[in-house]
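One structure is given below, encoded as structure tokens.
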2 protein chains.
Amino acid sequence: MIPSRPALEAAHFVDRLERLVRASEAADDLNPAQWEALRYFVRANRFSRTPAALADYLVSTRGTISRTLTSLEAKGYLRRGPSSRDGRSIECFLTAKATKALSRDPLTALARDIEAACGEDTPALAEGLRSTLLTAIARNGGRAFGACFTCRHFRADVRPDRSAPHHCGLLDEPLSQVESQAICVEQESQAV
Amino acid sequence: MIPSRPALEAAHFVDRLERLVRASEAADDLNPAQWEALRYFVRANRFSRTPAALADYLVSTRGTISRTLTSLEAKGYLRRGPSSRDGRSIECFLTAKATKALSRDPLTALARDIEAACGEDTPALAEGLRSTLLTAIARNGGRAFGACFTCRHFRADVRPDRSAPHHCGLLDEPLSQVESQAICVEQESQAV
DNA sequence: TCAATATGATTTCGACTAGCAATCATGATC
DNA sequence: GATCATGATTGCTAGTCGAAATCATATTGA
């Protein structure tokens, strides 16, 4: 199937926009892969802050990710520690330096441009891109990494604990309100 | 200014979509930069098929581009020759091998996903992205590289020659119908 | 229970890429 | 015609990536 001209143009624009972002990223002392790692960890829930999950998210290899994290840790953006859930696994935490860096994330500049250019049509654009992403991920056999609360294992308000009222049916763990908004490596769409 | 949530999400989706494309690109014997060079040259008009124009388009340096082109030439995707317009300049031509490679461009797969996901909203998505790109380029002080016929130097149907009826007022050159659709390094928006 | 297998993280290795700065040639300017 | 701007390339260096090997821990199933 040959895509229509608007579809081809849209793909080109995605490509060029991303290249502009990458050009800005080099200005800091972080490279594109390192930026993406920071962006991931700040949005990932506690089941998903591992090198392997990041490798899946970025469609990269674990070896490559390992070195990216070593580099981030050396520069003081990240701390690695053993996982309490799995003896093989490593858990990653962002430092205050990382949080500060994220406040000047070049991707935020792109978001501003989107808003300036699209105005009230921004939500429609976001929805179109979201559904495109899901289509593309399905085609490539990858994982969606959607928000926790959109998952079919999510159970809302089933616990008496007010600080963690929700529940993950897959991992059998309580979930706070904030956690339910985070992205999760295990997330699966509601629809069957 | 802090962007709205939909704007931030849209930016994230652009980022992730591009990463998926990059992951597919590695499957061929071309790397991302080489793919982008091929995509550029197949769409660039004859005033724009130079290393310097490509460097501007990709927001890269001429040294880097020079090496990318050397690599493409060694692999048989590209041919470099002297420019007839400028003794310092080099003109690049894609080979049949490049044309064939472009038919399996991973970015075309993205275009298909866009069309599958957005259906009749695809043109609206393309417009939103186009106007975002123009905003982003303006902010970064770059060049737009728009289609020739959208340029303020473009003069339609001013020549008797049916094979090249249009005219570029900046370079003082005749333009064919096909050329007027191509992207141009000199393109400037109509609006003042 | 315990061997076989799967998964998670890391490291080594080699190929490649990027940007910077220097160099050389040609064009444009005054 | 001297000076400066522009176009292309290359040496240098730092850094990136992926594949494969290695080691540790979990999981599975006979």
Side-chain angles (χ1 to χ4, degrees), chain A residues 19 22-37 41 44 47-75 78-93 143 171 185-186, chain B residues 19 21-37 41 44 46-75 78-93 143 170-172 185-186:
Chain A
R19 197 154 242 289
R22 294 180 91 83
S24 306
E25 283 173 349
D28 236 294
D29 78 324
L30 293 163
N31 69 31
Q34 291 164 359
W35 273 112
E36 293 186 276
F41 285 125
F47 316 124
S48 311
R49 287 192 284 261
T50 69
L54 178 60
D56 281 355
Y57 183 80
L58 294 184
V59 199
S60 182
T61 64
R62 293 173 185 188
T64 298
I65 294 302
S66 178
R67 258 166 319 170
T68 297
L69 299 182
T70 301
S71 172
L72 281 173
E73 196 167 29
K75 288 195 253 185
L78 187 98
R79 200 163 45 78
R80 281 185 285 191
S83 163
S84 53
R85 298 172 47 81
D86 187 328
R88 297 165 300 182
S89 195
I90 292 286
E91 202 167 348
C92 301
F93 305 91
R143 289 173 174 175
L171 303 172
V185 63
E186 306 288 358
Chain B
R19 197 153 244 287
V21 172
R22 293 180 92 83
S24 307
E25 283 173 350
D28 234 295
D29 79 321
L30 294 162
N31 68 30
Q34 291 164 0
W35 273 113
E36 293 186 276
F41 285 126
R46 72 191 130 105
F47 316 125
S48 311
R49 287 192 284 261
T50 70
L54 178 59
D56 282 354
Y57 183 79
L58 295 184
V59 199
S60 181
T61 64
R62 293 174 185 184
T64 299
I65 293 302
S66 179
R67 256 182 263 274
T68 298
L69 299 182
T70 301
S71 173
L72 281 173
E73 195 167 29
K75 288 196 254 187
L78 188 101
R79 200 163 45 78
R80 282 185 282 191
S83 163
S84 53
R85 297 174 47 80
D86 187 330
R88 299 165 299 180
S89 195
I90 291 288
E91 202 168 349
C92 300
F93 305 91
R143 289 174 174 174
L170 178 68
L171 303 172
D172 197 27
V185 64
E186 305 287 359

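Computed from a prediction, not measured in an experiment: that's the story for all the values here. Residue numbers begin at 1 in each chain, while the letters A, B, ... track the order of the sequences.
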* Below 4.0 Å: OP1/OP2 of dG19(C) and any side-chain N or O of S60(B) -> yes
* Output all residues satisfying side chain to side chain donor-acceptor pair (under 3.5 Å) with R79(A), sequence neighbours left out; order by chain, then residue number. => none
* **d(CG, L69(B); P, dT10(D)) in whole Å** => 11 Å
* Asked: What is the distance, rounded to the nearest whole Å, between atom CG of L54(B) and atom P of dT9(D)?
  -> 12 Å
* **Rounded distance (nearest 0.5 Å) linking atom CG of D29(B) with atom NZ of K75(B)** => 4.5 Å
* To do: Look at all strands and tell whether S71(A) reaches a base, only sugar-phosphate, or nothing, counting heavy atoms closer than 4.0 Å.
  => nothing
* Rounded to 10°, tell me the angle between the two end axes of the helix from dT1(C)-dA30(D) to dC30(C)-dG1(D), each built from five pairs. => 30°
* To do: Send over the distance from R22(A) CZ to dA18(C) P, rounded to a whole Å.
  => 10 Å
Result block: side-chain N/O donor-acceptor pairs under 3.5 angstrom for residues 54-61 of chain B, not counting sequence neighbours:
from   : atom 1 : to      : atom 2 : distance (Å)
D56(B) : OD2    : R143(B) : NH1    : 3.2
T61(B) : OG1    : T64(B)  : N      : 3.3
T61(B) : OG1    : T64(B)  : OG1    : 2.9

* Toward the 5' end of DNA chain D, by each residue's nearest nucleotide, T61(A) or G87(A) -> T61(A)
* Check salt bridge (charged side-chain N to carboxylate O under 4.0 Å, His left out) between R19(A) and all other residues, then give those that pass, not counting sequence neighbours. => E36(B)
* Grab the CG-P distance between L72(B) and dT17(C) for me, whole Å please. => 9 Å
* Go through the steps for F41(A) and L69(A) under the test side chain to side chain contact (heavy atoms under 4.5 Å, CB included), then give the verdict. => CA-CA 11 Å; F41(A) 285 125; L69(A) 299 182; 3.7 Å; yes
* **By side chain to side chain donor-acceptor pair (under 3.5 Å) - contacts of R49(A) (at least two apart)** => none
* Looking at T68(B), does any N or O in its side chain come under 4.0 Å of the phosphate oxygens OP1/OP2 on dT17(C)? -> no
* What residues, two or more places apart in sequence or in another chain, satisfy salt bridge (charged side-chain N to carboxylate O under 4.0 Å, His left out) together with R85(A)? -> E173(A)
Anything under 3.5 Å between a protein N or O and an N or O of nucleotides 5-9 of chain C, put it in a table, one pair a line.
from   : atom 1 : to     : atom 2 : distance (Å)
dT7(C) : O2     : R88(A) : NH1    : 3.1
dG8(C) : OP2    : R62(A) : NH1    : 3.2
dG8(C) : OP2    : R62(A) : NH2    : 2.8
dA9(C) : OP1    : S89(A) : OG     : 3.2
dA9(C) : OP1    : I90(A) : N      : 3.0
dA9(C) : OP2    : A52(A) : N      : 2.7

* Structure fact -> Whole-Å distance, L30(B) CG to dC17(D) P, equals 19 Å
* **Results of side-chain contact (heavy atoms from CB on, under 4.5 Å) for T50(B) - residues two or more places apart only** => A52(B), A53(B), S89(B)
* To do: Return the value, rounded to whole Å, for the distance between atom CD of E73(B) and atom C1' of dT9(D).
  => 13 Å
* **E25(B): side-chain contact (heavy atoms from CB on, under 4.5 Å) partners, not counting sequence neighbours** => V21(B), R22(B), P32(B), W35(B), R39(B), P106(B)
* Rounded to the nearest Å, what distance is computed from the CD1 atom of residue I65(B) to the C1' atom of nucleotide dC20(C)? -> 15 Å
* **Partners meeting side chain to side chain donor-acceptor pair (under 3.5 Å) with S83(B) (sequence neighbours left out)** => none
Can you pull every protein N or O that's under 3.5 Å from an N or O on nucleotides 12-16 of chain C?
from    : atom 1 : to     : atom 2 : distance (Å)
dC13(C) : N4     : R67(A) : NH1    : 3.3

* Asked: Listed by chain and number, what are the salt bridge (charged side-chain N to carboxylate O under 4.0 Å, His left out) partners of R88(A), not counting sequence neighbours?
  -> D86(A)
